[in-house]
Amino acid sequence: MSKKMKTRVLSIILAVLVVVVLPSCGLLGKKGSASEKDNRRGEVTGVPKRVIWQQILPQEMVPVKAGTFWMGQADEDIAFSQSSLNKQITISEFYMDKYEVSNNKYRQFIEAVRLGEYTYSTPTTLKDAPTFDLNAVLPDTTVWNTSFTYHYGDPLMEFYFDHPAFDNYPVVGVSWEQANMYCQWRTYHLNANDKADFDYPPFRLPSEAEWEYAAKGGKEVAKYPWGGPYLKNKRGCLMANFKPGRGNYIDDGFAYTAPVDVFAPNGFGLYNMSGNVAEWVLDSYNAVSGSVTWDLDPRYDDPNEKRKVVRGGSWKDIAHYLETSTRTYEFQDVKTAHIGFRTAMTYLGRSGSMDVSNNRRRKK
């Protein structure tokens with residue numbers, strides 16, 4: 001028998017095995033007609049031929065796998081606030097923005113509101129588009145003057161948000177309320193333009209617990225996102241954009257904010273979890289919230305509390321505020337030159353078993 005003939009015979013045999021043997025072993029994972037026959041006999045096997053759900057990883061987000069960690073104080077409580085007592089908790093898997101939301105990404109939101117165009121064709125979601133007032137979503141560019149006393153912030157007030165030179169810098173001058181509006185728009189933007197059969201979970205601000213877990217980068221206890229306890233690496237370079245000393249803002253390379261993709265990422269691949277801009281999170285502020293929240297996916301939500309938690313420290317803050325455990329707050333309608341945000345998304349899947357294939361961006 002010729003070599004070509006042998007190859008053809010082997011191919012036929014393999015094809016028969018795939019068609020006959022594998023389905024009988026259930027290895028192809030198909031519902032098949034057997035379940036339909038069982039249904040017709042009165043058995044309950046579930047609705048056949050359901051769409052297989054596979055959640056995409058949105059662009060420039062990273063997966064944060066489930067885990068247990070010690071939330072709370074990682075060093076001396078120099079403020080004597082006693083608001084960050086240690087507590088072991090578990091966090092379910094979720095997605096988080098690799099970078100802080102930049103001026104240019106926030107500008108896309110504003111342009112969509114300005115034009116009233118949230119889709120590029122027929123919407124692929126049954127949900128109604130959100131409605132926003134343009135003036136309500138604009139960042140306050142005057143914060144570069146109003147946030148500081150006797151400070152020459154005019155150049156930044158004029159150019160920081162509008163000029164292309166700052167497109168990749170973190171947006172500031174946005175309140176907690178505006179950050180949530182951006183999340184609403186981004187949710188509709190994805191679900192209305194994606195071709196998936198089901199809507200994806202909403203984008204949202206991360207909870208305070210999620211933020212701290214993500215900031216630690218996979219370490220159970222970490223003073224800073226890079227581990228710690230030092231602020232410089234082996235080459236003597238500062239690891240974040242902050243205020244290294246009194247009157248000294250420039251030793252880290254930037255007098256004000258820095259581009260969202262500078263400085264080394266932490267163990268989860270997240271940039272600037274400490275420094276650059278502090279970040280709004282979902283929780284209302286309560287100095288003793290750790291004692292009343294659950295130890296699984298905790299979130300303190302009080303609609304009557306106008307103070308919202310801010311994490312991570314900023315370009316104008318001393319090192320204490322860069323610690324992963326330091327808690328502070330701001331009122332939800334306040335806009336400043338040092339607070340921005342990043343978004344998160346709940347992962348839908350079997351608890352504790354995020355598919356590694358979701359770590360990469362898949363084609364839609």
Strictly under 6.0 Å, is that where the ring centroids of [X] and [Y] end up?
X: Tyr256; Y: Trp144; result: yes
X: Phe341; Y: Tyr182; result: yes
X: Tyr160; Y: Phe166; result: yes
X: Tyr200; Y: Tyr95; result: no

Would you mind reporting whether [Y] and [X] have side-chain heavy atoms less than 4.5 Å apart?
X: Lys65; Y: Phe94; value: no
X: Thr293; Y: Lys87; value: yes
X: Gln88; Y: Asp295; value: no
X: Val309; Y: Tyr329; value: no

Plane angle bin for [Y] and [X] - parallel if under 30°, tilted between 30 and 60°, otherwise perpendicular:
X: Phe268; Y: Tyr213; value: tilted
X: Phe132; Y: Phe109; value: perpendicular
X: Phe198; Y: Trp53; value: perpendicular
X: Tyr224; Y: Trp226; value: parallel

Under the 3.5 angstrom rule, does the side chain of [X] hit a backbone N or O of [Y] as a donor-acceptor pair?
X: Asn145; Y: Ser147; result: no
X: Asn272; Y: Pro265; result: no
X: Arg342; Y: Met96; result: no
X: Asp297; Y: Ser92; result: yes
X: Glu212; Y: Ser325; result: no
X: Tyr300; Y: Asn286; result: no
X: Gln55; Y: Leu348; result: yes
X: Ser314; Y: Val277; result: no
X: Trp185; Y: Gln108; result: no
X: Asp252; Y: Phe242; result: yes

message: side chain to side chain contact (heavy atoms under 4.5 Å, CB included), that's the test. Do Asn103 and His163 meet it? Break it down for me.
response: CA-CA 9 Å; Asn103 283 322; His163 199 280; over 6 Å; no

Do other residues, nucleotides or ligands put more than 12 heavy atoms under 6.0 Å from [X] [atom1]?
X: Phe148; atom1: CZ; value: yes
X: Asp154; atom1: CG; value: yes
X: Leu126; atom1: CG; value: no

message: As a test of understanding, state which of Lys98, Lys105, Arg186 forms a salt bridge (charged side-chain N to carboxylate O under 4.0 Å, His left out) with Glu60.
response: Lys105

- prompt: If you group Ile, Leu, Val, Met, Phe, Trp and Tyr whenever their side-chain heavy atoms sit less than 4.5 Å apart, what else falls in with Trp294?
  reply: Leu296

Closer than 4.0 angstrom, basic N to acidic O: yes or no for [X] and [Y]?
X: Lys37; Y: Glu43; answer: no
X: Arg307; Y: Glu330; answer: no
X: Asp162; Y: Arg107; answer: no

Is there a donor-acceptor contact under 3.5 Å linking the side chains of [X] and [Y]?
X: Asn39; Y: Thr45; answer: yes
X: Thr326; Y: Arg311; answer: no
X: Ser102; Y: Asn168; answer: no

Taking all non-hydrogen atoms of both residues, which atom of [X] and which atom of [Y] are closest, and how far apart?
X: Tyr118; Y: Ala112; answer: CE2-O, 3.5 Å
X: Asn193; Y: Thr124; answer: N-OG1, 3.6 Å
X: Glu100; Y: Val260; answer: O-CG1, 3.5 Å

- request: For side chain to side chain contact (heavy atoms under 4.5 Å, CB included), just list the numbers for Met273 and Thr324, CA-CA rounded to whole Å, side-chain angles, deciding distance to a tenth of an Å, and then say yes or no.
  value: CA-CA 8 Å; Met273 290 299 287; Thr324 58; over 6 Å; no

